[in-house]
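Source: prediction; values computed, not measured. Residues take their numbers from the sequence shown, with the count starting at 1. Atoms within a ligand are numbered from 1 in the order they appear, just like the ligands themselves.
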Amino acid sequence: MKTAARTLVFTGDGKGKTTAAMGMAFRAVGHGMAVFIIQFCKSDATTGELHTAATIPGVEFVQSGCGFIPPDAPDSAMESHRQAAQSGLRRAMQAVISGVYPVVILDEICYAVHRGLLDEQSVIDLIHAAREDQCIVMTGRGATKGLIDAADTVTEMKCIKHGMNEGIEAQRGIEF
Ligand code: ATP
Ligand code: MG
């Protein structure tokens with residue numbers, strides 16, 4: 001079956017998944033490669049990565065989420081998250097098949113699948129829609145087996161310690 005040149009997953013409960021994906025964008029831009037970044041589950045217009053992306057020609061940065069999803073969110077509250085994720089998936093598919101972006105970053109898509117906002121198979125279909133010279137990067141906690149199997153490179157960020165568990169609040173330039 002046709003698949004992307006590279007498919008990477010950054011998952012696990014430690015810090016660094018989104019920053020690793022942003023690092024990949026930084027690297028690709030240095031080679032003149034256009035990068036499409038979509039953040040599932042997020043709706044924070046104040047992040048440093050969003051502001052930086054707006055200054056770089058060739059980087060398209062989109063958020064398609066409604067923000068933090070409580071672990072015990074009732075199903076009624078999940079509907080808006082689900083719709084935002086589905087809309088993001090359609091937008092991601094347009095970017096993949098447009099032929100414009102050698103690198104497509106699907107931030108938090110693993111978490112969106114983990115929380116039941118997206119079908120795993122629909123994300124696998126997205127990967128299979130990629131051209132043979134495209135790189136797909138997926139991040140998020142709880143990557144499911146199908147996404148892990150579909151990737152050639154999977155890194156688990158293991159939490160040894162996290163400042164937030166010690167009471168250090170999310171910090172500008174470090175966490176957002
Ligand atoms: P980053 O964006 O800093 O690379 P991440 O993408 O690995 O983090 P997410 O799972 O997206 O982490 O977490 C979202 C938020 O939770 C971020 O502000 C992050 O710093 C924080 N966080 C990540 N890991 C932990 C942890 N083990 N305990 C508490 N907070 C965490
Ligand atoms: Mg993240």
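We find that Lys42 and Asp107 are joined by a salt bridge, their nearest charged nitrogen and carboxylate oxygen being less than 4.0 Å apart. In this structure, Glu156 does not pair ionically with Lys17, as no charged nitrogen and carboxylate oxygen lie closer than 4.0 Å.
Excluding waters, the protein N/O/S atoms found under 2.8 Å from the Mg ion (ligand 2) are Thr18 OG1, Glu108 OE2.
Under a cut-off of 6.0 angstrom, the local environment of CD in Glu169 is sparse, with at most 12 non-hydrogen atoms contributed by other residues, nucleotides or ligands.
Thr139 places no side-chain N or O within 3.5 Å of a backbone atom of Thr18 that could act as its donor or acceptor partner. Between the side chain of Gln134 and the backbone N or O of Val96, at least one donor-acceptor pair lies under 3.5 Å.
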Test salt bridge (Lys or Arg N to Asp or Glu O under 4.0 Å) on Arg131 and Asp133 and set out the steps.
CA-CA 5 Å; Arg131 290 193 322 252; Asp133 58 352; 2.8 Å; yes
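Taking the side chain as every heavy atom from C-beta outward, Val103 and Ile105 approach each other to under 4.5 Å. Counting heavy atoms from C-beta on, the side chains of Leu117 and Cys41 come closer than 4.5 Å. Side-chain contact check for Thr153 versus Arg6: some heavy-atom pair is nearer than 4.5 Å.
Every protein residue with a heavy atom nearer than 4.0 Å to ligand 1 is included here: Asp13, Gly14, Lys15, Gly16, Lys17, Thr18, Thr19, Glu108, Arg141, Cys159, His162, Met164, Asn165, Glu175.
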